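Source: prediction; values computed, not measured.
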Amino acid sequence: MALLTVEHLTMKFGGLVAVNDFSLVLEKNEIVGLIGPNGAGKTTVFNMVAGYYTPTEGMIRFQDRSIGGKKANEITKSGIARTFQNIRLFAELSVIENVMIGYHCRIRSSFLGATLRFPLYRREEKMMYEGALKLLKEVGLEDVAREMATSLPYGKQRRLEIARSPCHRPEASAP
């Protein structure tokens, strides 16, 4: 079973066809590149897969479930996350807090439970912290976990953004 299957994806904006009949099969642990000149539709493909755009035509399946046309937050919960060309970190938070935010879509605690720090939220917060530390170690940033995200040089900020995105994958050690 393929991890991600995209078949005959098309995206039209009025009379402009941004993507025409795009197909892709991505297996687990496979890394592929999508290359092309500016205006070729690469970002549009990512935006359709991530739920920012609803395809005009075609089918998108992730882990053998249809995700085409679902909202971005639903697709994120299913396990697909994306990063952007422009780094989008939470400037007022530390490195580890930026990664922990990626786990919040997976927790069960309510706003009230988190505010009052009920036992369930404390357990989930501990799991988020431990999972975030593990991800920071994977990208070589565990030594700067307590630093402010904006104090990092560009290359480390990019790695931080990448560390944050795996929090959404179903295989991640999310609570």
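- Residue-environment remark: CD1 (Ile35) stays at or below the threshold of 12 foreign heavy atoms within 6.0 Å.
- Here CD of Glu7 is found 10.5 Å from CG of Asp21. Values are rounded to the nearest 0.5 Å.
- With hydrogens and angles disregarded, no donor-acceptor distance shorter than 3.5 Å links the side chain of Gln157 to the backbone of Ile87.
- Nearest heavy-atom pair across Phe90 and Ala149 is O-CB, 4.0 Å.
- Criterion: ILVMFWY side-chain heavy atoms under 4.5 Å apart, direct or through other members. Under it, Leu160 and Val139 are part of a common hydrophobic cluster.
- Residues Met1 and Val49 are members of separate hydrophobic clusters, defined by side-chain heavy-atom contacts under 4.5 angstrom among Ile, Leu, Val, Met, Phe, Trp and Tyr.
- Here the straight-line distance linking atom CG of Leu133 with atom CG of Leu135 works out to 9.5 Å at 0.5 Å rounding.
- The line from CD1 of Ile80 to CG of Leu4 is 5.5 Å long, rounded to the nearest 0.5 Å.
- The shortest side-chain heavy-atom distance between Val19 and Thr10 does not fall under the 4.5 Å cut-off.
- With salt bridges taken as basic N to acidic carboxylate O contacts below 4.0 Å, none links Lys134 and Glu130.
- Looking only at side-chain heavy atoms (C-beta outward), Phe62 and Leu3 come within less than 4.5 Å of each other.
- Val95 and Tyr154 fall within the same hydrophobic cluster, where Ile, Leu, Val, Met, Phe, Trp and Tyr residues are linked whenever their side-chain heavy atoms come under 4.5 Å apart, directly or through other members.
- A chain of hydrophobic side-chain contacts below 4.5 Å, direct or via other Ile, Leu, Val, Met, Phe, Trp or Tyr residues, connects Val32 to Val6.
- Summarising the geometry, atom NZ belonging to Lys71 is positioned 13.0 Å from atom OG1 belonging to Thr76; distances are rounded to the nearest 0.5 Å.
- Atom CZ of Arg159 and atom CZ of Arg164 lie 15.5 Å apart (nearest 0.5 Å).
- Counting only distance, with no hydrogens or angles, the side chain of Glu161 and the backbone of Arg88 share a donor-acceptor pair below 3.5 Å.
- Cluster membership for Leu120 and Met100, using ILVMFWY side-chain heavy atoms within less than 4.5 angstrom, is not shared.
- Contact of the Met127 side chain with the Ile107 side chain is not registered, since no non-hydrogen atoms from C-beta on lie closer than 4.5 Å.
- Ionic pairing of Glu125 and Arg117 is present here: one or more N-O contacts between side-chain nitrogen and carboxylate oxygen are shorter than 4.0 angstrom.
- Annotation for Gly69 and Thr54: closest pair CA-CG2, 3.8 Å, computed over non-hydrogen atoms.
- In this structure, Glu124 contributes its side chain and Arg108 its backbone to a donor-acceptor pair below 3.5 Å.
- Shown here for Gly36 and Lys42, the closest heavy-atom pair between the two residues is O-NZ, 2.8 Å.
- Checking side-chain atoms of Lys156 against main-chain N and O of Leu141 turns up no donor-acceptor pair under 3.5 Å.
- In this structure, Thr56 contributes its side chain and Lys12 its backbone to a donor-acceptor pair below 3.5 Å.
- A distance of 9.5 Å separates CG in Leu136 from CG in Asp143, rounded to the nearest 0.5 Å.
- By the 4.5 Å heavy-atom criterion applied to side chains, Phe22 and Leu34 are counted as neighbours.
- Using modelled atom types, no side-chain atom of Thr5 and backbone atom of Val25 make a donor-acceptor pair closer than 3.5 Å.
- Put simply, the side chain of Tyr121 does not reach to within 4.5 Å of the side chain of Thr115, judged on heavy atoms.
- Heavy atoms from other residues, nucleotides or ligands lying under 6.0 Å from CZ of Phe111 number 12 at most.
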